[in-house]
Each structure stands twice: as structure tokens, then as C-alpha cells.
Peer 1: 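Below you'll find the structure I mean.
Since the model is a prediction, treat every value here as computed from it, not as a measurement. Numbers for residues simply follow the sequence, beginning at 1.
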Amino acid sequence: PPFSLHGLLMKTGIVIDSACDLPRSYIDAHQLYILPTSLYCGLRAFIDTRVPEPTLEFYRQYAAEKNLDAETEAFSAEQITQLFLEDLVLKYDRVLVITISQTRSLIFRNTTEASFAVLKHYREKRQEAGLSGSFYLNVLDSKTLFTGEGVLVHEAVRLLEQETSFARLHTLLEELSQHIYAYLIPADLYYVRNRAAKKGENTIGLVGYHVGNLLDIKPIIQCHRGDTQVIAKERGFERALESLLERTQAAIDKGLAMPLVVASFAGDPRIIRQKRAFMEFELYAQNRGIEVLISIMSTTAGIHVGPGAFSLAYAAR
């Protein structure tokens with residue numbers, strides 16, 4: 001049957017983890033299924049499903065409390081297996097799961113482990129529901145973070161809407177993942193230094209942390225093919241933002257693999273959209289046929305990079 005994300009022909013589903021930054025309106029319009037992440041802030045526990053209002057409330061109440069013991073935890077293989085067998089194998093014939101880079105989270109590993117159990121037991125669940133036919137499941141490591149995942153998911157949606165075969169979909173997206181550049185500017189180095197380090201982030205050393213705080217130096221952190229590194233340092237957040245947007249304009253001039261830039265902000269996105277540099281960038285992109293999608297950064301990401309952080313990603317040609 002033809003591949004479609006909508007209506008009676010909806011047989012292929014796309015699952016994203018909660019760290020994938022895309023506007024909620026986009027997620028709802030394309031019926032993307034969110035694999036939740038568990039959040040622990042002090043004595044309180046949350047489930048991150050990327051609902052905008054609770055996310056903003058989280059940034060106001062919890063994320064800024066530096067002394068609060070805050071952690072994220074990927075769903076276990078057993079939890080993911082249960083989600084699939086009780087829901088997804090009954091909704092879809094084929095499911096593509098796109099996860100945050102496995103260098104920064106256990107989501108890819110746990111989902112891959114769960115896939116073996118799902119493929120072993122799905123037939124019984126489908127037969128009980130009166131469904132025939134096989135169920136197919138693919139898990140893809142995006143090799144990127146946050147907005148970079150958003151770029152890859154956007155292309156997955158486009159390919160499915162063009163009726164790309166499920167067998168070819170994984171290959172095309174894996175190739176694109178090699179060309180995605182994702183960037184992060186933290187507003188406060190504390191979070192990247194102290195919280196993100198627990199997830200393997202070590203791009204900012206102790207000396208760099210103290211010097212950065214003293215001189216208000218903001219790093220521009222790049223994630224490419226699963227590796228992160230500081231590619232530039234600027235005095236103050238505003239200048240770092242301008243520098244990143246200038247870099248992105250240069251990438252647009254060279255040509256992108258797809259006409260899209262995905263951005264996110266750890267707080268109300270209107271704060272960024274009202275900044276002169278971003279307004280000028282949006283106009284620049286629009287005049288060149290580039291779509292700019294901006295969303296609230298997930299709480300899963302915000303715990304580790306802090307309120308006021310900005311992320312941006314694109315796929316270079």
C-alpha cells in the first residue's frame with residue numbers, strides 16, 4: 001500500500017524521543033509519536049512529552065535552581081517494549097524510531113534492545129486485535145542532538161509523504177545524518193559543566209568554565225556525527241548568537257542539503273524572535289527559500305544545558 005502519515009492509509013509511524021526539538025504544532029500535524037523521558041528534579045518526577053505549557057512552567061520553576069538535584073533517565077528496554085506491544089504494533093505496520101545520538105543517551109541502545117522483544121512477540125498482539133500482516137521496526141541513531149534531530153525527522157516526514165519505500169528510508173536518513181550540523185549556545189556554563197557532564201559532555205573543562213564565567217565568555221558548541229566540540233567563543237550571549245547566525249548564513253550561501261533550519265530556545269521562543277540578529281536572520285533565510293522552525297527546547301535538554309540556551313541545526317550539502 002502507499003505510504004501515508006494521515007488518514008486510513010496510515011501504516012507507517014515515526015517515533016521520536018522527547019529531546020527532539022520541533023514545534024508542537026508540527027509534531028501534532030504529522031502525528032509523530034513521542035518516546036518519553038523520565039525527569040527527576042529533587043523529590044519530584046516528571047515525564048517529558050514536549051507539551052509547551054508545562055515545559056515553560058518547568059523552566060520558570062525548576063531548571064534555574066542550580067542546587068536542585070536534576071537528572072534525566074531514558075526509558076528502559078522493558079518500558080519501550082511495553083509501549084510498542086500495547087500501542088504501536090496495533091497502530092502501524094512499520095515504525096521508524098529516530099533517537100538522540102547514542103554518545104549522549106541510552107535511548108538508542110535501549111530501543112534497539114527492545115526491538116528484538118517487540119519483533120518476537122508482536123504477532124500475538126496483532127492477532128488478538130484482528131490484524132494480519134507483519135510488523136517492521138527500524139531504529140536510527142541520529143548522531144546529533146536536539147534541533148539536529150528535528151532536521152532529520154523533518155526529512156523523514158517528507159520522504160514518507162513522497163511514498164519512499166520503508167526499506168530505503170533508513171539508508172537515506174543515515175546518509176543525511178552525516179551532514180547535519182547542530183549547535184548550542186549555553187546562557188550559563190554551570191549546566192553544561194556540571195549537569196551535562198553526567199551524560200558524557202566534556203567539551204568545557206574546569207579552567208574554561210571558571211574563565212568563561214569570569215569574562216562572560218559563551219562557547220558555540222558543535223555536534224557533528226556524534227562528536228561535540230567548542231568551535232568558537234564570544235564575549236556575551238548576544239555576540240555568540242550573532243556569530244552562530246552569521247555562520248549559518250554562510251552555510252545557506254554555500255547550499256543546504258534541504259531548505260530548512262531548525263532552532264530552539266530554553267524558554268519562551270518569543271524572546272529569541274524579538275532579538276534583532278534573529279529577526280534579520282529569519283528574513284535572510286526567507287528571502288532564500290529557507291524555512292525556519294523554532295520551538296521551545298525540551299525539558300530533557302534544558303536540564304542539562306540550562307534556561308536561556310539556544311540551539312540551531314541544518315544539513316549541509
Peer 1: Salt bridge or not for Lys218 and Asp216, using N-O below 4.0 Å?
Peer 2: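 Counted as a salt bridge, because a side-chain N and a carboxylate O are separated by less than 4.0 Å.
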Peer 1: For Asp21 and Ser298, indicate whether the former's side chain and the latter's backbone hold a donor-acceptor pair under 3.5 Å.
Peer 2: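 Yes, because the side chain of Asp21 sits within donor-acceptor range (under 3.5 Å) of the backbone of Ser298.
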Peer 1: Can you list everything that forms a salt bridge (Lys or Arg N to Asp or Glu O under 4.0 Å) with Glu113? Sequence neighbours excluded, please.
Peer 2: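 For Glu113 there are no salt bridge (Lys or Arg N to Asp or Glu O under 4.0 Å) partners, ignoring immediate neighbours.
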Peer 1: Determine whether a donor-acceptor pair (N or O, by modelled atom type, separation under 3.5 Å) exists between the side chain of Thr164 and the backbone of Leu160.
Peer 2: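 Absent.
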Peer 1: Identify, with sequence neighbours excluded, every residue that meets ring-ring contact (aromatic ring centres under 6.0 Å, His included) alongside Tyr181.
Peer 2: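 With sequence neighbours excluded, Tyr181 shows a ring-ring contact (aromatic ring centres under 6.0 Å, His included) to His224, given in chain and number order.
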Peer 1: Measuring from atom CD1 of Ile185 to atom CD1 of Ile220, what distance do you get when rounded to the nearest 0.5 angstrom?
Peer 2: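 Reported value, rounded in 0.5 Å steps: 5.0 Å.
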Peer 1: Looking at Arg168, is its backbone amide N or carbonyl O close enough to the side chain of Ser165 to form a donor-acceptor pair, meaning the two atoms are under 3.5 Å apart?
Peer 2: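 Checked: pair present.
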Peer 1: For a quick test of reading the model, state the closest non-hydrogen atom pair linking Leu189 to Pro186 and the distance between them.
Peer 2: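 Looking at all heavy atoms of both residues, the shortest contact is CD2-CG, 3.9 Å.
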Peer 1: Return the minimal non-hydrogen interatomic distance between Gly226 and Ser101, and the atom names on each side.
Peer 2: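 Residues Gly226 and Ser101, closest heavy atoms: CA-OG, 3.7 Å.
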Peer 1: Flag the pair Phe310 / Met297 as yes when at least one side-chain heavy-atom distance between them is below 4.5 Å, and no otherwise.
Peer 2: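 Phe310 vs Met297: side chains apart.
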Peer 1: Between Leu145 and Ala182, which heavy-atom pair has the shortest distance, and what is it?
Peer 2: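 Residues Leu145 and Ala182, closest heavy atoms: O-CB, 3.9 Å.
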Peer 1: Side chains of Pro269 and Ser295, heavy atoms from C-beta outward: is any pair under 4.5 Å?
Peer 2: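 No; the side chains remain at least 4.5 Å from each other.
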Peer 1: Out of curiosity, does Val305 fall in the hydrophobic cluster containing Phe265 (side-chain heavy atoms, cut-off under 4.5 Å, transitive links)?
Peer 2: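 No; Val305 is not reachable from Phe265 via cluster members.
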Peer 1: Apply side-chain contact (heavy atoms from CB on, under 4.5 Å) to Leu56 and Ile296, showing your working.
Peer 2: CA-CA 8 Å; Leu56 283 176; Ile296 304 170; 3.7 Å; yes
Peer 1: Compare all side-chain heavy atoms of Leu39 with those of Ile47 and state whether any distance is below 4.5 angstrom.
Peer 2: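 Leu39 does not reach Ile47 side chain to side chain.
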Peer 1: When rounded to the nearest 0.5 angstrom, what is the spacing between CG in Leu119 and CZ in Phe84?
Peer 2: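 Result: 9.0 Å between the selected atoms.
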Peer 1: Is it the case that one hydrophobic cluster holds both Leu137 and Ile80, taking links as side-chain heavy atoms less than 4.5 Å apart, direct or via other members?
Peer 2: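 Leu137 clusters together with Ile80.
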Peer 1: Which value, rounded to the nearest 0.5 Å, describes the distance between Leu22 atom CG and Ile294 atom CD1?
Peer 2: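 Taking CG in Leu22 and CD1 in Ile294, the distance rounds to 12.0 Å.
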Peer 1: Return each pair, listed once, that meets ring-ring contact (aromatic ring centres under 6.0 Å, His included) where at least one residue sits in residues 106-133; pairs must be two or more places apart or across chains.
Peer 2: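 Every pair satisfying ring-ring contact (aromatic ring centres under 6.0 Å, His included) with a residue in residues 106-133: Tyr122-Phe135.
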Peer 1: Considering residues at least two apart in sequence or located in another chain, which fulfil the ring-ring contact (aromatic ring centres under 6.0 Å, His included) criterion with Tyr284?
Peer 2: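 With neighbours one apart ignored, the set is empty.
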Peer 1: Give a yes or no answer on whether the side chain of Ser115 reaches the backbone of Thr112 with a donor-acceptor pair at less than 3.5 Å.
Peer 2: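 A pair under 3.5 Å: yes.
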Peer 1: Would Glu238 and Arg276 pass as an ion pair if we require N to O under 4.0 Å?
Peer 2: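 A salt bridge is absent here (no side-chain N lies under 4.0 Å from a carboxylate O).
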Peer 1: Is there a path of hydrophobic side-chain contacts, each under 4.5 Å between heavy atoms of I/L/V/M/F/W/Y residues, joining Ile27 to Val292?
Peer 2: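 Different clusters.
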Peer 1: Look at Glu161 together with Arg158 and state whether they make a salt bridge at an N to O cut-off of under 4.0 Å.
Peer 2: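 Here Glu161 does not pair with Arg158 in a salt bridge, since their nearest N and O are not under 4.0 Å apart.
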Peer 1: Compare all side-chain heavy atoms of Asp17 with those of Ile34 and state whether any distance is below 4.5 angstrom.
Peer 2: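 A side-chain contact is absent here, since even the closest heavy-atom pair is not under 4.5 Å.
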Peer 1: Looking at Arg239, is its backbone amide N or carbonyl O close enough to the side chain of Ser243 to form a donor-acceptor pair, meaning the two atoms are under 3.5 Å apart?
Peer 2: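 No; judged by distance alone, with no hydrogens or angles, the pair does not exist.
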Peer 1: Between Glu86 and Lys125, is there a salt bridge with N-O shorter than 4.0 Å?
Peer 2: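 Looking at Glu86 together with Lys125, the answer is no, because their closest N to O distance does not fall below 4.0 Å.
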Peer 1: side-chain contact (heavy atoms from CB on, under 4.5 Å) for Lys275 and Leu241? Distances and angles first, verdict last.
Peer 2: CA-CA 10 Å; Lys275 292 186 179 295; Leu241 177 64; 3.7 Å; yes
Peer 1: Checking Asn287 side chain against Leu283 main chain: does a donor-acceptor pair fall under 3.5 Å?
Peer 2: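 Such a contact is found between Asn287 side chain and Leu283 backbone.
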Peer 1: Restricting to pairs with a member in residues 287-307, which pass salt bridge (Lys or Arg N to Asp or Glu O under 4.0 Å), not counting sequence neighbours?
Peer 2: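 Salt bridge (Lys or Arg N to Asp or Glu O under 4.0 Å) check on residues 287-307 returns Asp253-Arg288.
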Peer 1: Hydrophobic clustering (ILVMFWY, side-chain heavy atoms < 4.5 Å, transitive) - are Phe281 and Phe237 grouped together?
Peer 2: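 In one cluster: yes.
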Peer 1: As a quick check of understanding, evaluate side-chain contact (heavy atoms from CB on, under 4.5 Å) for Leu35 and Ile107, giving each step before the final call.
Peer 2: CA-CA 9 Å; Leu35 183 63; Ile107 295 175; 3.9 Å; yes
Peer 1: Check whether any side-chain heavy atom of Val15 lies under 4.5 Å from a side-chain heavy atom of Leu32, and answer yes or no.
Peer 2: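 Answer no - side chains too far apart.
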Peer 1: Under the criterion side-chain contact (heavy atoms from CB on, under 4.5 Å), I'd like the reasoning laid out for Ile231 against Gln229: C-alpha separation, chi angles, the key distance, then a yes or no.
Peer 2: CA-CA 6 Å; Ile231 59 163; Gln229 61 177 317; 4.0 Å; yes
Peer 1: Where is the tightest heavy-atom contact between Leu260 and Leu256, given as atom of each residue plus distance?
Peer 2: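 For Leu260 and Leu256, the tightest heavy-atom pair comes out as O-CD1, 3.9 Å.
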Peer 1: Is Arg270 salt-bridged to Asp268, going by a charged N under 4.0 Å from an acidic O?
Peer 2: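 Salt bridge: yes.
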Peer 1: If we ignore hydrogens and angles and just use 3.5 Å, is the side chain of Tyr314 paired with the main-chain N or O of Met258 as donor and acceptor?
Peer 2: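 A pair under 3.5 Å: no.
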Peer 1: Is Ile180 linked to Ile98 within one hydrophobic cluster, defined over Ile, Leu, Val, Met, Phe, Trp and Tyr using a side-chain heavy-atom separation of less than 4.5 Å?
Peer 2: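 Both belong to a single hydrophobic cluster.
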Peer 1: Using modelled atom types and a 3.5 Å cut-off, is there a donor and acceptor pairing between side-chain atoms of Arg235 and backbone atoms of Ile217?
Peer 2: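 Checking the backbone N and O of Ile217 against the side chain of Arg235, no donor-acceptor pair under 3.5 Å is found.
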Peer 1: Keeping to residues at least two apart or across chains, list the side-chain hydrogen bond (donor to acceptor under 3.5 Å, both in side chains) pairs with something in residues 143-152.
Peer 2: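 side-chain hydrogen bond (donor to acceptor under 3.5 Å, both in side chains) check on residues 143-152 returns Thr147-Ser311.
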Peer 1: Do Phe75 and Asn110 have side chains that approach each other closer than 4.5 Å (heavy atoms only, starting at C-beta)?
Peer 2: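 A side-chain contact under 4.5 Å is absent here.
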Peer 1: Whether the Arg104 and Thr228 side chains hold a donor-acceptor pair (N or O, under 3.5 Å, no angle test) is what I'd like checked.
Peer 2: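 Note: Arg104 and Thr228 side chains meet the donor-acceptor criterion.
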Peer 1: Distance only, no hydrogens: is a donor on one side chain within 3.5 Å (strictly under) of an acceptor on the other, for Glu71 and Tyr40?
Peer 2: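 Per modelled atom types, Glu71 and Tyr40 side chains form no pair under 3.5 Å.
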Peer 1: State, to 0.1 Å, how close Ala156 and Leu169 come at their nearest heavy-atom pair, and which atoms those are.
Peer 2: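 It is O-CD1, 4.2 Å.
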Peer 1: Counting neighbours of CD on Glu124 that are heavy atoms of other residues, nucleotides or ligands and sit closer than 6.0 Å, is the number greater than 12?
Peer 2: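 For Glu124, atom CD is not crowded (no more than 12 foreign heavy atoms under 6.0 Å).
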Peer 1: Out of curiosity, Met279 CE to Leu245 CG, how far, rounded to the nearest 0.5 Å?
Peer 2: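 If we round to the nearest 0.5 Å, Met279:CE and Leu245:CG are 12.0 Å apart.
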Peer 1: Just wondering, do Ser25 and Asp28 contact through their side chains at under 4.5 Å, heavy atoms?
Peer 2: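 Result no, sub-4.5 Å side-chain heavy-atom pair not found.
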Peer 1: Side-chain contact, heavy-atom cut-off 4.5 Å: Glu78 with Thr81?
Peer 2: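 SC-SC contact between Glu78 and Thr81 ruled out.
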Peer 1: Salt bridge check, Asp93 against Arg126: does any charged N sit closer than 4.0 Å to a carboxylate O?
Peer 2: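 Answer for the salt bridge query: yes.
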Peer 1: Which atoms form the tightest heavy-atom contact between Ala114 and Ala77, and what is the distance?
Peer 2: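 That closest heavy-atom pairing would be CB-O, 3.4 Å.
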Peer 1: Side chains of Arg123 and Gln127: is there a donor and an acceptor less than 3.5 Å apart?
Peer 2: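 No, no side-chain donor-acceptor pair sits under 3.5 Å.
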Peer 1: Any sub-3.5 Å donor-acceptor pair from His304's side-chain atoms to Thr300's backbone N or O?
Peer 2: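 Present.
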Peer 1: Say whether Thr37 and Ser18, considering side chains only, have a donor N or O and an acceptor N or O under 3.5 Å apart.
Peer 2: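 A pair is found: one side chain offers a donor N or O, the other an acceptor, under 3.5 Å apart.
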Peer 1: Test Tyr92 against every option in Leu88, Leu96, Leu90 by the side-chain contact (heavy atoms from CB on, under 4.5 Å) rule and name the one that passes.
Peer 2: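 By the side-chain contact (heavy atoms from CB on, under 4.5 Å) criterion, Tyr92 pairs with just one of Leu88, Leu96, Leu90: Leu88.
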Peer 1: Out of curiosity, Ile16 CD1 to Leu152 CG, how far, rounded to the nearest 0.5 Å?
Peer 2: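 The distance works out to 11.5 Å.
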Peer 1: Calculate, to the nearest 0.5 Å, the distance between atoms CD and CZ belonging to Glu53 and Arg24 respectively.
Peer 2: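 So the CD of Glu53 and the CZ of Arg24 are separated by 10.0 Å.
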